[in-house]
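Below, each value reflects all heavy atoms present in this structure, side chains not excepted, and no hydrogens, waters or symmetry copies. As the structure lists them, so they are numbered: ligands from 1, and atoms in each ligand from 1.
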Amino acid sequence: MAGKMGQYDVVVIGAGIVGMAVARELKRCGLTTVVIEKEEDVGRGASCRNSGVVHAGFNNRSGSLMAQYCVAGNRGYEAFAQMLDVPYRKTGKLVIALREEDLPIIHRLKEQGDRNGCPGLSIVGRDFIKEHEPMADGVAALWSPETAIVSSYLLPIALAENFVDNGGEIFLNSQVIGVSQGAEGFAVTCDTGLCLTGRWLINAAGLFSDRIAAMAGDSRYRLYPCRGEYHVLDKRMAGLLRMPIYPAPQPGDGGLGVHLTPSIDGNILIGPSAEYIGDAEDYGTSRAVLEKLTAEARELLPGLGQAEYIRNYSGVRPKQVDEATGGFADFVVEESSVISHLVNLIGIESPGLTAAPIIASAVAEIIGAKEKLVKDQNYRDSHRFPDRLYASTLGQRRNLAQTEPDAGEIICRCEEISKQEILQAMDNKLGSVSLKSIKYRSRAMMGRCQGGYCAPRVVKLLDEVKGIPTSRIQYGKNGTELFCGCVRGDEDE
Ligand SMILES: Cc1cc2nc3c(=O)[nH]c(=O)nc-3n(C[C@H](O)[C@H](O)[C@H](O)COP(=O)(O)OP(=O)(O)OC[C@H]3O[C@@H](n4cnc5c(N)ncnc54)[C@H](O)[C@@H]3O)c2cc1C
């Protein structure tokens with residue numbers, strides 16, 4: 001990799017959902033586009049660490065980009081997810097007034113949503129709550145029929161695979177450390193020695209987008225990381241919840257309040273909390289927050305126990321205001337007013353997952369205002385993931401097992417993932433072979449045992465099939481090797 005050079009119309013920094021949606025859109029518009037990502041796979045930042053809710057847009061200040069992009073994003077999301085073969089379900093959502101004092105809050109939200117153009121909002125009573133979400137309780141609720149859930153971690157993967165299938169390039173494990181401007185545009189240098197040149201630079205670096213802007217000569221931004229922790233409940237609890245339920249947001253909440261969300265995979269997510277932190281990539285979780293989340297979640301869903309918790313995780317919001325200042329700051333989606341051809345995408349916190357396809361169109365419009373874009377007629381929009389064994393009938397499984405033995409061998413018992421699916425995940429188009437890459441693509445190691453049974457088998461397959469010695473197998477990014485030697489038997493090379 002050392003010293004590798006390349007020249008493009010567009011260099012995108014950051015392969016989260018926003019960077020990948022933008023890169024794909026610009027490639028569709030006929031521009032040679034490359035993506036640089038510091039992690040070992042795409043979607044490793046906020047894009048795989050959120051609630052997975054396709055918001056309707058009533059939470060966002062009227063007139064803001066957040067509100068406009070969210071409402072527009074929601075409208076087209078089903079088609080977007082279908083085109084990319086990413087699981088999506090329109091569930092609707094309830095924002096629950098737990099007590100009489102919350103009633104003005106949900107009425108204000110409805111008015112804001114109506115102004116923003118969210119279809120179908122209504123205030124409903126306790127009977128409606130009980131009919132639609134029997135385990136929940138409250139005095140009234142705001143009902144949003146257009147809210148949906150989606151597999152947020154599969155979206156960047158699908159976008160990236162589609163981009164690569166159409167000739168796009170992605171450099172993983174490459175941290176941008178410098179940006180300079182010359183006659184040919186921006187020269188972007190990485191810690192690997194990679195140096196790529198682009199006429200346009202798209203700054204989609206999430207939590208580090210303030211630093212990338214500064215590297216490119218625009219020092220006007222500062223981000224303040226604000227962590228949100230979650231707890232994941234076992235699928236056995238799936239019957240408890242049909243749709244996301246949120247409390248009426250209280251003044252001073254750093255987010256939308258601790259909510260309960262069914263994940264598209266059948267788990268229930270509790271969270272997120274909101275805590276300003278010093279290190280933007282401190283994805284730790286704590287017992288104190290676990291207890292706080294549980295207590296708040298029980299207000300919405302009385303009777304919730306802790307026995308079904310299978311995992312914690314956290315995501316970090318790139319806030320543009322610090323804790324003391326607080327208040328609202330809109331998405332920054334614009335060509336820098338101080339550096340020409342630098343497009344800054346800054347402060348893309350919630351609802352960034354919902355807004356990503358619209359942000360991508362907005363970036364194409366920014367570029368299209370300065371130069372003529374010609375659609376690539378050969379671009380194939382659709383993407384397909386391999387078929388899922390768990391989605392097949394018993395009869396189909398029997399036939400498959402007879403014709404393809406790897407499909408009949410279950411490696412992950414909790415999630416019913418076959419050896420064939422693990423092998424397909426290992427052979428992914430981005431060439432990423434960390435355990436996390438295989439986990440997100442196949443769902444192995446995501447079930448109740450959290451890899452206790454299947455992780456050693458996946459490790460063995462990586463060794464046998466990919467020839468990666470056990471000592472070099474990584475959980476995630478470089479430096480996360482899992483094994484330091486053998487307890488018995490032969491040493492690894
Ligand atoms: C707790 C939480 C809950 C949320 N819930 C929702 C929700 O339910 N619905 C919704 O619509 N939105 C939600 N969001 C918001 C949504 O997740 C984000 O807006 C979205 O994922 C942002 O995508 P991104 O691509 O901008 O950022 P990221 O996914 O963070 O991607 C940025 C990428 O840039 C890379 N990068 C950074 N610096 C460099 C560098 N120097 N060189 C190379 N690469 C670099 C990073 O590694 C990362 O992969 C939530 C966010 C959080 C934190």
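For S47, a nitrogen or oxygen atom sits less than 3.5 Å from a nitrogen or oxygen atom of ligand 1, counting backbone and side chain alike. Between Y230 and ligand 1, no pair of N/O atoms sits closer than 3.5 Å. Taking distance alone, with nitrogen or oxygen atoms compared against 3.5 Å, I212 stays at or beyond that limit from ligand 1. Distances between N or O atoms of L353 and those of ligand 1 include at least one value under 3.5 Å. The shortest N or O to N or O distance between R44 and ligand 1 is not under 3.5 Å. Considering backbone and side-chain N/O atoms, R49 never comes within less than 3.5 Å of an N/O atom of ligand 1. Considering backbone and side-chain atoms alike, V18 places an N or O below 3.5 Å from some N or O of ligand 1. For ligand 1, none of its N or O atoms has an N or O atom of G206 under 3.5 Å away.
Contact atoms of ligand 1 toward E39: 47 (O) (distance under 4.0 Å to a heavy atom of the residue). Of all atoms in ligand 1, listed by their number and element, those nearer than 4.0 Å to a heavy atom of G14 are 33 (C), 34 (O), 35 (C). Which parts of ligand 1 touch E349 is read off a 4.0 Å heavy-atom cut-off, strictly below it: atoms 15 (C), 19 (O). For ligand 1, the atoms sitting less than 4.0 Å from at least one non-hydrogen atom of I348 are 18 (C), 19 (O), 22 (C), numbered in the order shown with element in parentheses. Shown in contact with R317 at under 4.0 Å from a heavy atom are these atoms of ligand 1, numbered in order with element: 53 (C).
Counting protein heavy atoms only, atom 51 (C) of ligand 1 is closest to N50 CB, 3.9 Å. V176 O, 3.3 Å is the protein heavy atom nearest to atom 41 (N) of ligand 1. For atom 39 (C) of ligand 1, the closest non-hydrogen atom on the protein side is K38 CD, 3.7 Å. Regarding atom 30 (O) of ligand 1, its nearest protein heavy-atom neighbour is A46 N, 3.0 Å.
Residue-environment remark: NZ (K292) stays at or below the threshold of 12 foreign heavy atoms within 6.0 Å.
In this view, E415 and K235, R443 satisfy the side chain to side chain donor-acceptor pair (under 3.5 Å) rule, not counting sequence neighbours. Shown here are the salt bridge (charged side-chain N to carboxylate O under 4.0 Å, His left out) partners of D282, two or more places apart in sequence or in another chain: R227.
Remark: distances from the non-hydrogen atoms of V316 to ligand 1 include one below 4.0 Å. Taking 4.0 Å as the cut-off, A356 does not count as a neighbour of ligand 1 on heavy-atom distance.
Counted by atom type alone, K439 and Y475 present one or more donor-acceptor pairs between their side chains at under 3.5 Å.
For the side chain to side chain donor-acceptor pair (under 3.5 Å) with E349, the qualifying choice from K319, R317, Q320 is K319, the only one to do so.
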